[in-house]
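To start, the structure itself, in structure tokens.
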Number of protein chains: 2
Amino acid sequence: MTTTTLTPAEMADRTGVSLDTLRYYESEGLLNDVARADNGHRRYSEDDVLWVEVLRCLRDTGMTIDQLRHYCSLGAVGPSTKPQRLEILQQHRALVEQQIAERRRALDLIDHKISYYSGEDQ
Amino acid sequence: MTTTTLTPAEMADRTGVSLDTLRYYESEGLLNDVARADNGHRRYSEDDVLWVEVLRCLRDTGMTIDQLRHYCSLGAVGPSTKPQRLEILQQHRALVEQQIAERRRALDLIDHKISYYSGEDQ
DNA sequence: GAACAACCTGGAGTGCACTCCAGGTCAACC
DNA sequence: GGTTGACCTGGAGTGCACTCCAGGTTGTTC
């Protein structure tokens, strides 16, 4: 059995994250222990793909690079940091729920304006 | 009857938008025809308050300053631009719904990781 | 063996949305 | 009448998350 690995270009394709951003994440400590081919080129694993998807999910919902770095560093320490990581996720979960609530209110306001524009006068 | 007006400080207080940002919005054409006192100081109206709240709602859900400027400039033209403004709001509405959907997926992923961290091993 | 593609590194540059600052005006208070 | 506070203007600075670039290596293709 051979474990499949992805070239940088394939990784970018799979995750939708650019080559530069993948390298940037690595340099920021968000993506560690990326394998290398003999020529020094990166070789990403399926686990790396999953992890980058998690990173994107958290980034896209407003977690900063700094917070992600902290979260990753906890993971690197070992199982002893499980409670802290759980705490971070729970806090972020609450944030995402706030974002949803905020956007629901936004929809109300937008709908209000839409019906105003759709109306007869003004 | 006297129309109530707000000083810049009161306006910042009411809207939660900083003095600098209020001036910035005005300079970018997002907030037009702000009244002035005799000494040249700004005097915001209740309509200004409502409008800034709309601006913040749209900004907070990802509309850029550039897009807002365009939307405002249409408003300045007159009622003839109603269809374009309606179109912009409908497109933005769709965007906000996408954001909600994306965040729902994020919640699923976060919950999955939370249950993993809450579980027995690892 | 020249050219090309894919990658490497370190560092500089970009775009956005503010945010801060310097130097000035004006009215009110001590 | 000097100081204080709120405000004014134009312009510079900031922070974040990328994104781009120069110069170099390696491996394959004509």
Side-chain angles (χ1 to χ4, degrees), chain A residues 4-45 48 51-72 92 95 99 102 106, chain B residues 4-45 48 51-72 92 95 99 102 106:
Chain A
T4 327
T5 59
L6 304 174
T7 64
E10 287 166 345
M11 182 69 169
D13 223 56
R14 271 285 289 280
T15 60
V17 175
S18 76
L19 295 171
D20 273 322
T21 301
L22 286 169
R23 281 192 289 261
Y24 168 66
Y25 284 176
E26 201 179 329
S27 76
E28 293 298 317
L30 272 44
L31 188 52
N32 300 311
D33 307 321
V34 174
R36 297 285 177 138
D38 290 347
N39 59 9
H41 292 192
R42 290 174 180 80
R43 291 292 176 264
Y44 296 97
S45 68
D48 290 333
W51 178 242
V52 166
E53 280 164 359
V54 171
L55 287 179
R56 286 310 319 176
C57 165
L58 297 174
R59 271 294 300 125
D60 288 345
T61 52
M63 192 175 285
T64 65
I65 296 292
D66 223 57
Q67 290 169 317
L68 282 168
R69 182 171 27 236
H70 179 225
Y71 181 68
C72 291
H92 190 67
L95 189 81
Q99 293 173 353
E102 181 182 26
Chain B
T4 329
T5 59
L6 304 175
T7 65
E10 287 165 344
M11 181 69 169
D13 223 55
R14 272 285 288 282
T15 61
V17 175
S18 75
L19 293 173
D20 274 321
T21 301
L22 287 169
R23 281 192 290 262
Y24 168 66
Y25 284 175
E26 202 179 328
S27 75
E28 294 297 318
L30 272 45
L31 189 52
N32 299 312
D33 308 319
V34 174
R36 297 284 178 139
D38 289 346
N39 59 10
H41 291 194
R42 290 174 179 81
R43 290 294 175 264
Y44 297 96
S45 68
D48 290 334
W51 178 242
V52 166
E53 280 165 359
V54 171
L55 286 179
R56 287 309 319 175
C57 166
L58 296 174
R59 270 294 299 125
D60 288 345
T61 52
M63 193 176 283
T64 65
I65 296 293
D66 223 57
Q67 290 169 315
L68 283 169
R69 182 171 26 236
H70 179 225
Y71 181 67
C72 292
H92 190 68
L95 189 81
Q99 293 173 353
E102 180 182 28

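Numbers restart at 1 for each chain; the letters A, B, ... are given by sequence-line order, proteins then strands.
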Task: Interatomic distance where OH belongs to A:Tyr24 and P belongs to C:dT14 [whole Å] - done: 18 Å
Open item on the list: Checking side-chain polar atoms at under 3.5 Å, does A:His92 have a donor or acceptor matched by the opposite partner on A:Thr61?
Closed with: yes
Open item on the list: What's B:Arg42 touching, base or sugar-phosphate or nothing? Going by heavy atoms closer than 4.0 Å.
Closed with: sugar-phosphate
- [ ] Ignoring backbone atoms, test whether A:Thr21 places a side-chain nitrogen or oxygen under 4.0 Å from the OP1 or OP2 oxygen of D:dT19.
- [x] yes
TODO: Starting from C1' on C:dT19, measure out to CZ on B:Arg59 and report it in whole angstrom.
DONE: 14 Å
Task: A:Leu68 CG to D:dC18 C1', straight-line distance once rounded to whole Å - done: 14 Å
- [ ] Check the distance between D:dC16's C1' and A:Met63's CE and give it to me in whole angstrom.
- [x] 16 Å
TODO: Write down the distance between CD (A:Glu28) and P (D:dC18), rounded to a whole number of angstrom.
DONE: 10 Å
Open item on the list: Taking any heavy-atom pair under 4.0 Å as a contact, classify B:Arg36: base, sugar-phosphate, or nothing.
Closed with: sugar-phosphate
Open item on the list: Below the 4.0 Å mark, does C:dC18 have OP1 or OP2 next to a side-chain nitrogen or oxygen of B:Tyr25?
Closed with: yes
- [ ] Whole angstrom is fine here: how far is it from CG in B:Asp66 over to P in C:dA17?
- [x] 8 Å
Task: Other residues, nucleotides, ligands: >12 heavy atoms within 6.0 Å of B:Asp33 CG - done: no
Open item on the list: On DNA chain C, compare the nucleotides closest to B:Gly62 and A:Arg43; which residue's is nearer the 5' end?
Closed with: A:Arg43
Open item on the list: Is B:Arg23 close enough to C:dC20 that one of its side-chain N or O atoms is under 4.0 Å from OP1 or OP2 there?
Closed with: no
Open item on the list: Check this one for me: any side-chain N or O of B:Ser18 less than 4.0 Å away from OP1 or OP2 of C:dC18?
Closed with: no
- [ ] Grab the CG-C1' distance between B:Leu22 and D:dT9 for me, whole Å please.
- [x] 16 Å
Open item on the list: Heavy atoms only, 4.0 Å cut-off, all strands: where does A:Ala37 land among base, sugar-phosphate and nothing?
Closed with: nothing
Open item on the list: For B:Ile65 and B:Asn39, find the nucleotide of DNA chain C closest to each by heavy atoms; which residue's nucleotide sits nearer the 5' end?
Closed with: B:Ile65
Open item on the list: If I take atom CG from residue B:Leu30 and atom CG from residue B:Leu58, how far apart are they, to the nearest 0.5 angstrom?
Closed with: 9.5 Å
Open item on the list: Show, in sequence, the C-alpha distance, side-chain angles and deciding distance for B:Thr7 and B:Arg43, and conclude whether the side-chain contact (heavy atoms from CB on, under 4.5 Å) test is met.
Closed with: CA-CA 5 Å; B:Thr7 65; B:Arg43 290 294 175 264; 4.1 Å; yes
Task: N-O pairing of A:Arg36 and A:Glu26 below 4.0 Å - done: yes
Open item on the list: Does B:Arg56 reach a base, just sugar-phosphate, or nothing at all? Heavy atoms under 4.0 Å.
Closed with: sugar-phosphate
Task: Euclidean distance, atom NE2 of residue B:His41 to atom P of D:dT9 [Å, nearest integer] - done: 9 Å
- [ ] Look at all strands and tell whether B:Asp20 reaches a base, only sugar-phosphate, or nothing, counting heavy atoms closer than 4.0 Å.
- [x] base
